[in-house]
Amino acid sequence: MKIVVLGAGVVGTAAAYYLARDGHEVTVVERHETAARGTSYSNAGLVSPGDATAWASPAALKTFLRALYNHDLGIKVRLRFDPYFLAWSLRFLRQCTRERLRANSEVKLRLALYSRDCINALQQHTGLSYDERRRGILYFFRTQKSLEHGTANYEFLAKHGLPIEIVDRDRLVEIEPGLAGARDKIAGGVYSPIDQTGDSRQFVENLAAFAVERLGVKFLYGTTVEGLDIEGDTVRNVMTSNGPVSGDAVVISMGPESGLLGRRYGIDLPVYPVKGYTATVPLEDESKGPTMGGADEDQLIAYSRLGNRLRIASTAEFTGFDRSYHPRDFTAMFRTAKDLFPGAFDEKKAELWSGLRPMMPNSVPVIGRARYRNLYLDTGHGHVGWTMACGSGAFLADLVAGRKPEIDPQGLVYKG
């Protein structure tokens, strides 16, 4: 078929790759001048099945209320009149039961584990490089109380297939010598040895080039999606700033804008933008930096080692489609990073960035056919789009081809 994919982030580009590998003629429409210039430009760099726990939980309401007045938290809520956010919040709160937490986390983990295998198989097949490291990820806690409370979610993931090791501070520093300077400030943590890291922007740029050169995928850059031309139960054309683009099928992978487009055509797609901040800084002394990825669970800051660079990421801010940032937004992030890796970097040399994650209320992405006969969704991956992109792309390709997916589709196939 001729398939039009809307969006050239990591999710859309991965979908284009798997669809083209099946023999389809694929065109990708992207508003930016090249791939990975939106949400996928910068993130924590973690390919992390260990981060599969859903955001909605029994503790979420308390955290939400604290975020209204404590702006030092990693979660920030800016009160404003936004009916869409109110509707999203009510659906989020309905997911905040223990039962829904476990069910949503299990679905996320299933896709994340599959996607990790897909990423590695893709890398082996294509030979792409993206500053990848396969050394695992450490999720650690500052106090014994938070360690005891926080390990429960990881133990649940372990029961559903995630290999983990619960470690004390001595074992933690043995695994990650870069944390030796902060040893006495850490109570312990969870080591997920199959997790890994890599630069999503490099991955997308290189995969897009491979898809063009080897699979004949066409990328229409600098082209904005303006709407869909629909007749009956069929999308006839994608209307763009450069004219109509026709195809036998259309895939929406537009990140946080996916929900805006879907709503215009009666598709129940509650994707809401959640802003995150990252800083990428060269390591002045590589011996003082981390050798692998990690997450300070008490400070809600994640990081990864990308070549000779340190990537730091933090914050989930509910502020609509505002992508702006100020230097003060990074103060807590740098304070924590310097506490963990003293002398490793000079924050004045950092590249600062903020972007929007496409969050679903249940933290589970939506994949599959939506309302119209030839319209598909592959979106809503939230803060783990880099982790899940290849798995969801392969899953989507199976659905389009009418094949039995390689993983259990329960909880993944769109039912809106």
Side-chain angles (χ1 to χ4, degrees), residues 1-20 22 24-41 83-84 87 204 208 211-212 215-273 320-323 355-356 358 360 365-381 385 389 392-393 396-397 399-400 414 416:
M1 293 191 296
K2 291 183 178 181
I3 300 179
V4 183
V5 177
L6 310 183
V10 66
V11 172
T13 302
Y17 165 80
Y18 285 102
L19 290 166
D22 267 358
H24 300 296
E25 182 181 328
V26 180
T27 299
V28 182
V29 179
E30 170 55 49
R31 62 178 175 168
H32 293 100
E33 296 303 318
T34 188
R37 286 305 182 271
T39 299
S40 301
Y41 182 82
Y84 188 41
V204 175
V212 170
L215 298 174
V217 175
K218 184 178 181 181
F219 284 78
L220 302 179
Y221 292 122
T223 304
T224 301
V225 174
E226 296 182 341
L228 304 176
D229 174 18
I230 297 174
E231 182 176 312
D233 68 346
T234 303
V235 179
R236 297 196 312 170
N237 297 289
V238 177
M239 308 309 295
T240 79
S241 56
N242 292 321
V245 180
S246 63
D248 302 309
V250 175
V251 179
I252 298 178
S253 294
M254 295 171 61
E257 277 78 18
S258 297
L260 298 178
L261 182 64
R263 286 209 310 267
R264 291 167 56 186
Y265 302 99
I267 299 170
D268 182 22
L269 185 54
V271 173
Y272 193 82
F321 283 86
D322 174 27
R323 291 177 169 85
L356 305 177
M360 290 288 290
V366 288
I367 309 169
R369 185 181 286 113
R371 186 166 185 173
Y372 301 99
R373 178 182 61 80
N374 62 339
L375 181 64
Y376 292 84
L377 303 175
D378 185 7
T379 190
H381 297 71
S392 62
L396 174 70
L399 296 180
V400 171
Y414 179 72

- Message: Within the 4.5 Å heavy-atom criterion, are Ile252 and Leu261 side-chain neighbours or not?
- Response: yes
message = Any non-hydrogen side-chain atom of His24 less than 4.5 Å from a side-chain atom of Val400?
response = yes
Worksheet item: Does the ring of Tyr221 carry Arg37 above it, NZ/CZ under 6.0 angstrom from centre and within 45° of its axis?
Response: no
* Checking side-chain contact (heavy atoms from CB on, under 4.5 Å) for the pair Val10/His381: CA distance, chi angles, key distance, verdict? -> CA-CA 11 Å; Val10 66; His381 297 71; over 6 Å; no
Review point. So, do Leu396 and Val251 sit near enough that their side-chain heavy atoms are less than 4.5 Å apart?
Key: yes
Check: Any side-chain heavy atom of Tyr17 within less than 4.5 Å of one from Leu215?
Finding: yes
d(Glu25 CD, Asp248 CG) to nearest 0.5 Å is 9.0 Å
Tightest non-hydrogen contact, residues Leu260 and Phe321, listed as CD1-CZ, 3.5 Å
Separation between CZ (Arg371) and CG (Asp233), nearest 0.5 Å, reads 11.0 Å
Rounded to the nearest 0.5 Å, the CZ atom of Arg373 sits from the OG1 atom of Thr234 at a distance of 3.5 Å
Review point. Can you tell if the side chain of Met239 reaches within under 4.5 Å of the side chain of Asn237, non-hydrogen atoms only?
Key: yes
Notebook entry, point to check: Got Thr39 and Pro358 here, is their nearest side-chain heavy-atom distance under 4.5 Å?
Noted result: yes
When Val225, Val29, Leu220 are each screened for side chain to side chain contact (heavy atoms under 4.5 Å, CB included) with Val4, the one that passes is Val29
**OP:** Look only at the side chain of Ser253 and the backbone of Asp378, and say whether a donor-acceptor pair between them is shorter than 3.5 Å.
**Re:** yes
| task | Evaluate side-chain contact (heavy atoms from CB on, under 4.5 Å) for Val245 paired with Thr223, printing each intermediate quantity in order. | result | CA-CA 11 Å; Val245 180; Thr223 304; 5.6 Å; no
Nearest heavy-atom approach of Val28 to Ala8 is CG1-CB, 3.8 Å
Would you check, one step at a time, whether the test side-chain contact (heavy atoms from CB on, under 4.5 Å) holds for Val217 with Val5?
CA-CA 10 Å; Val217 175; Val5 177; over 6 Å; no
Closest non-hydrogen contact found for Asn242 with Gly222 is ND2-O, 3.6 Å
Q | Donor-acceptor contact below 3.5 Å, side chain Asn374 vs main chain Val235 | A | yes
Nearest heavy-atom approach of Gly9 to Glu30 is N-OE1, 4.3 Å
Separation between CG (Leu375) and CD1 (Ile267), nearest 0.5 Å, reads 4.5 Å
Taken to the nearest 0.5 Å, the spacing of Leu228 CG from Leu6 CG works out to 7.0 Å
*Sidechain-backbone polar pair: Tyr84 side chain, Val271 backbone, donor-acceptor under 3.5 Å*: yes
Can you confirm whether Ile3 sits close enough to Tyr376 that some side-chain heavy atom of one is under 4.5 Å from a side-chain heavy atom of the other? no
Report task. Would you indicate whether the side-chain heavy atoms of Met254 and Thr379 approach each other to under 4.5 Å? Result -> no
Rounded to the nearest 0.5 angstrom, the OG1-OH distance for Thr13 and Tyr18 is 12.5 Å
Scanning both residues in full, the closest heavy-atom pair of Met1 with Ala249 reads CE-CB, 4.3 Å
Quiz item: Between Leu269 and Ser258, is a side-chain contact (heavy atoms from CB on, under 4.5 Å) present by the stated rule, with each step listed?
Solution: CA-CA 8 Å; Leu269 185 54; Ser258 297; 4.0 Å; yes
Heavy-atom closest pair (Pro273 atom, Gly320 atom, distance to 0.1 Å) is CG-O, 3.3 Å
